[in-house]
Structure formats: structure tokens, C-alpha cells
Amino acid sequence: MPLAKRKPEWGIILIILGFQLMVYDVNMRRVDAIPTLPNNRSNNPDTQHGIHAAQINPSRTLLATGARHSADIAIYRLPTLDPVCIGENGHRDWVFDMCWLDDQFLVSGSKDTKVALWRINEDLIDFPNANGEDEEQTCPSYGHIVPVAVKECRTAQKIRSLCFNQEYKEIAVLSLNSYIHLFNAETFSQKLSRKLPNCQDNVCIACQPHGLYAVGCRSYTLLLDPRTLQAVKKIASRYSGCGIRSASFQENILTVGTGLGMLMFYDIRAGKYLESSINSSRTVVLKASKGYVFPEEEMDGFQQIKYVPAIYTHCYDASGTRLFAAGGPLPANLVGNYAGIWQ
């Protein structure tokens, strides 16, 4: 599943392509590969199932992402992307998502239904390399850390997405059995779980600052009251079989990426999708191009459905005037990727 994140000024974009962490220089239009971080248990191909998450800490000094073993995490310095450490023994299965609580504390969620709390302290960040070798060595070494705490997420089956609610000091956890769970960020204890109403394929969650949670589902986006987790509104996706694959808030605008290669924008205050003009009721939609997909002959099926990539991730730059989106095929028998920038 392709995912991507970026630095706020968009000098570079960090892109995940399956098992690879790539850096795209927007100005130079050049792509470089960053080695994934291995440990002793990651040499077996059975432990390598790709990278599924990437998050940058609030001060933009550290990048957290997946390691070569899909159950481990990896931390890199920014902007140099030198390795800092690998986080081990927190999970037994794929890490699907992460969220930073501050510049040092990170939470990860996994298919094993557990959430892990990690601390990347200043001593580790300032330590140049573990073996005392020259900083200009070809392969810088890195530290190894274990989680501060690991908690089983009760009532969960396969944790899919996380977000940190700064206002309430809570970690919202979304699991694939249609539950949302809240953890106290200060005590790292589970405080509430609630079944989502008729919610299928719930794979993404976003938090509006001082406001709502948004959960992406198969045919709509569900808005939840952060205090009670009660449903406030269901926002239909406007297109049949669309599926919401990514969500984010930009003040009062909810942006959703869909399984049909479209991005749509919902005005929370106005209670409707953005329209192209005052005199038109046409919904504003950004449509992705095909990108890369293999094998292409798989798309020439009986119904001749035109292939489009799912939008698995998107984000705005610091000014809010440019939007980056990335994704790839939904069908498991296809391999591919897509990335685009709108301004």
C-alpha cells in the first residue's frame, strides 16, 4: 500500500513504495532511495510485508516509519534522513499506523491489536552512531530501543489507524471490526470503546483541531463527537462504491481521498461539499491520473472498467495552497503507484 508524507515547505516529499522509502526532491525532480533498517530477525522474507506508515514529529526533526521487519519501527533524522534507531519487540504483526504525541513520544498500532508507546530521547538523537565510527561512513549505525509500554486494545481486531487529539490529550484508535477506541495519552490507558454504526471498511481517521473525529468508511465519512464518540453526521461519498481511503482536516474543510481516484472537499460549517462556483451545483473533485499499474492486461476485463488508483494518503503544504496525494491499486492482484501535486 503506497503511502507518503512531506516536509512542510515541500523541498522534498517522502514516499513509501511497498518495501522502499523514497525521497523525491521537488525542485530537482530527483528520486533517491533510503535504506530500510534491518535487525537480526528481519532477514527472513516472511517478515517483510512493506511499510505502511510515515509520520513527522511536531518540530520536524524526526521521521518515524516502518523498518525492514514489518512489525518494527524506524526513526530517521530530518532533514538529513540519517538513521537514529530501530524500535523492536513492540509488535508481532504489521505496524499499520503511528502518531507522535510530542517530539519524543510516539505511538504505533498493529494488526496484532496492540498499541505501543516509544520514547526517542535526546541522548539517542545526539549520539552520532552506535559503534563510534566516523560520521561520514557509508552506512551509519543506529541504536535499538524497546517500547516504554505495550497495551492490548480491548474489543479491537487489527488496528488500522491512529490520531492524537491534542485538545483532549487522547489517542483515537480505529480497528477493522468497526470500533473506535480512546486512550488517555498521559497514562496510556484505554478509557472508552464504541461500536461504529453500520461502518464497513473503516480504514482512516482524522481529528479536527478543537473539533470532530472523521472516520472513512465504505460509502460515507462518519463525523463523531470527541467527547462521547456518538455519530454527529454521515457524509455520503457522492459516488457509488467510492470508499473513503484517506481523510484530513484543514480548519473547517474536510478533505477525503477515495478508492476511485478522487479527492473531495466538505465544508463542515456549511454542511455541504465545495462547489465549483456560486451558479453551479457541481461538486469540486480532483481526479487522479492512472499512474503506474502492472499488469495492465488485468484491467481489460469483461466490464471494461477504467482503472484509477485509490488515494491512500494526502496532505497540504504549510500554506494550504498545495495538495499532495498518493496511492495505488485496490485489487490485490495489481501492483502500482500514483503520486500527484495540485496547486
Side-chain angles (χ1 to χ4, degrees), residues 3-6 8 55 97 99 160-168 170-174 178 180 182 194 196-277 280-288 309-327 340-343:
L3 295 171
K5 297 292 173 184
R6 50 78 177 129
Q55 295 290 342
D97 203 4
C99 64
R160 184 60 184 84
S161 188
L162 308 171
C163 68
F164 176 48
N165 189 325
Q166 179 71 39
E167 178 76 9
Y168 292 95
E170 292 173 343
I171 304 156
V173 179
L174 189 65
S178 302
I180 183 172
L182 292 183
R194 189 173 295 279
L196 298 172
N198 301 317
C199 190
Q200 296 177 312
D201 294 343
N202 49 304
V203 296
C204 60
I205 186 171
C207 178
Q208 182 185 29
H210 317 295
L212 304 166
Y213 287 119
V215 175
C217 310
R218 177 181 295 178
S219 57
Y220 56 83
T221 305
L222 187 66
L223 299 183
L224 304 174
D225 186 318
R227 297 163 297 181
T228 63
L229 297 185
Q230 294 287 349
V232 175
K233 188 177 183 64
K234 288 184 180 181
I235 305 172
S237 63
R238 282 286 181 97
Y239 295 90
S240 176
C242 205
I244 307 301
R245 314 303 299 189
S246 59
S248 71
F249 282 102
Q250 186 78 352
E251 296 181 353
N252 65 303
I253 301 298
L254 170 66
T255 303
V256 294
T258 73
L260 295 181
M262 295 180 290
L263 286 141
M264 297 182 292
F265 310 88
Y266 188 87
D267 190 324
I268 299 295
R269 293 176 184 170
K272 64 179 182 178
Y273 284 99
L274 295 186
E275 298 173 349
S276 57
S277 68
S280 173
S281 59
R282 180 178 298 177
T283 302
V284 173
V285 174
L286 299 181
K287 294 184 179 182
I311 304 298
Y312 287 119
T313 188
H314 65 267
C315 56
Y316 289 86
D317 70 352
S319 69
T321 60
R322 290 197 293 177
L323 176 63
F324 172 75
I341 298 175
W342 281 276
Q343 184 168 352

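As the structure is a computational prediction, the values presented were derived from the model and not from experiment.
- For the atom pair OG1 (Thr221) and CG (Leu212), the distance works out to 12.0 Å, reported to the nearest 0.5 Å.
- Other residues, nucleotides and ligands contribute at most 12 non-hydrogen atoms within 6.0 Å of the CD atom of Glu251.
- The SG atom of Cys207 lies 9.5 Å from the CD atom of Gln166; values are rounded to the nearest 0.5 Å.
- Cys99 has its side chain out of reach of Cys163: every pair of non-hydrogen atoms, C-beta onward, lies at least 4.5 Å apart.
- Leu274 and Ile253 get closest at one heavy-atom pair: CD2-CD1, 4.1 Å.
- Looking at Arg245 and Thr258, their side chains never come closer than 4.5 Å, going by heavy atoms from C-beta outward.
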Checking Leu223 against Ile235 for the side chain to side chain contact (heavy atoms under 4.5 Å, CB included) test, could you report, in this order, the C-alpha distance in whole Å, the side-chain angles of both residues, the deciding distance, and whether it holds? CA-CA 8 Å; Leu223 299 183; Ile235 305 172; 3.7 Å; yes

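- Without hydrogens or angle criteria, Ser246 side chain to Ile311 main chain gives a donor-acceptor distance under 3.5 Å.
- By the side-chain contact (heavy atoms from CB on, under 4.5 Å) test, Ala236 is found to be paired with no residue, residues two or more places apart in sequence or in another chain being considered.
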Would Trp342 and Arg322 count as a side chain to side chain contact (heavy atoms under 4.5 Å, CB included) here? Give the steps. CA-CA 6 Å; Trp342 281 276; Arg322 290 197 293 177; over 6 Å; no

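- Rounded to the nearest 0.5 angstrom, Asp201 CG and Arg160 CZ are separated by 10.5 Å.
- For the atom pair Leu222 CG and Lys234 NZ, the distance stands at 7.0 Å (nearest 0.5 Å).
- Within 6.0 Å of the NZ atom in Lys272, the count of heavy atoms belonging to other residues, nucleotides or ligands does not exceed 12.
- Leu263 has its side chain out of reach of Val285: every pair of non-hydrogen atoms, C-beta onward, lies at least 4.5 Å apart.
- Taking the side chain as every heavy atom from C-beta outward, Val215 and Cys217 approach each other to under 4.5 Å.
- Counting only residues at least two apart or on different chains, the side chain to side chain donor-acceptor pair (under 3.5 Å) pairs with a member in residues 207-217 are Asn165-Tyr213, Glu167-His210.
- A donor-acceptor pair under 3.5 Å links the side-chain atoms of Asp97 to the main chain of Leu162, judged by distance alone.
- Taking all atoms of both residues into account, the shortest heavy-atom contact from Ser276 to Val284 is N-CG2, 3.6 Å.
- No side-chain heavy atom of Leu182 sits under 4.5 Å from any side-chain heavy atom of Pro226.
- The ring pair (Phe, Tyr, Trp, His ring centres under 6.0 Å) pairs that include a residue from residues 246-267 are Tyr266-Tyr273, where partners are two or more places apart or lie in different chains.
- Annotation: side chain of Leu174 is in contact with side chain of Leu196 (closest heavy-atom distance under 4.5 Å).
- A donor atom on one side chain and an acceptor atom on the other are not found under 3.5 Å apart for Thr255 and His314.
- Leu323 is not listed as a side-chain neighbour of Ile341, based on a closest heavy-atom distance of 4.5 Å or more.
- Residues Arg282 and Glu275 fail the side-chain proximity criterion, which asks for heavy atoms closer than 4.5 Å.
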Assess whether side chain to side chain contact (heavy atoms under 4.5 Å, CB included) is satisfied between Ile180 and Val173, documenting all intermediate values. CA-CA 6 Å; Ile180 183 172; Val173 179; over 6 Å; no

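- Considering CZ of Phe164 and CD of Glu170, their distance stands at 9.0 Å, rounded to 0.5 Å.
- Using a 4.0 Å cut-off between charged side-chain N and carboxylate O, Arg269 and Asp267 make no salt bridge.
- Across all non-hydrogen atoms, the minimal contact from Val203 to Ser161 is O-CB, 3.8 Å.
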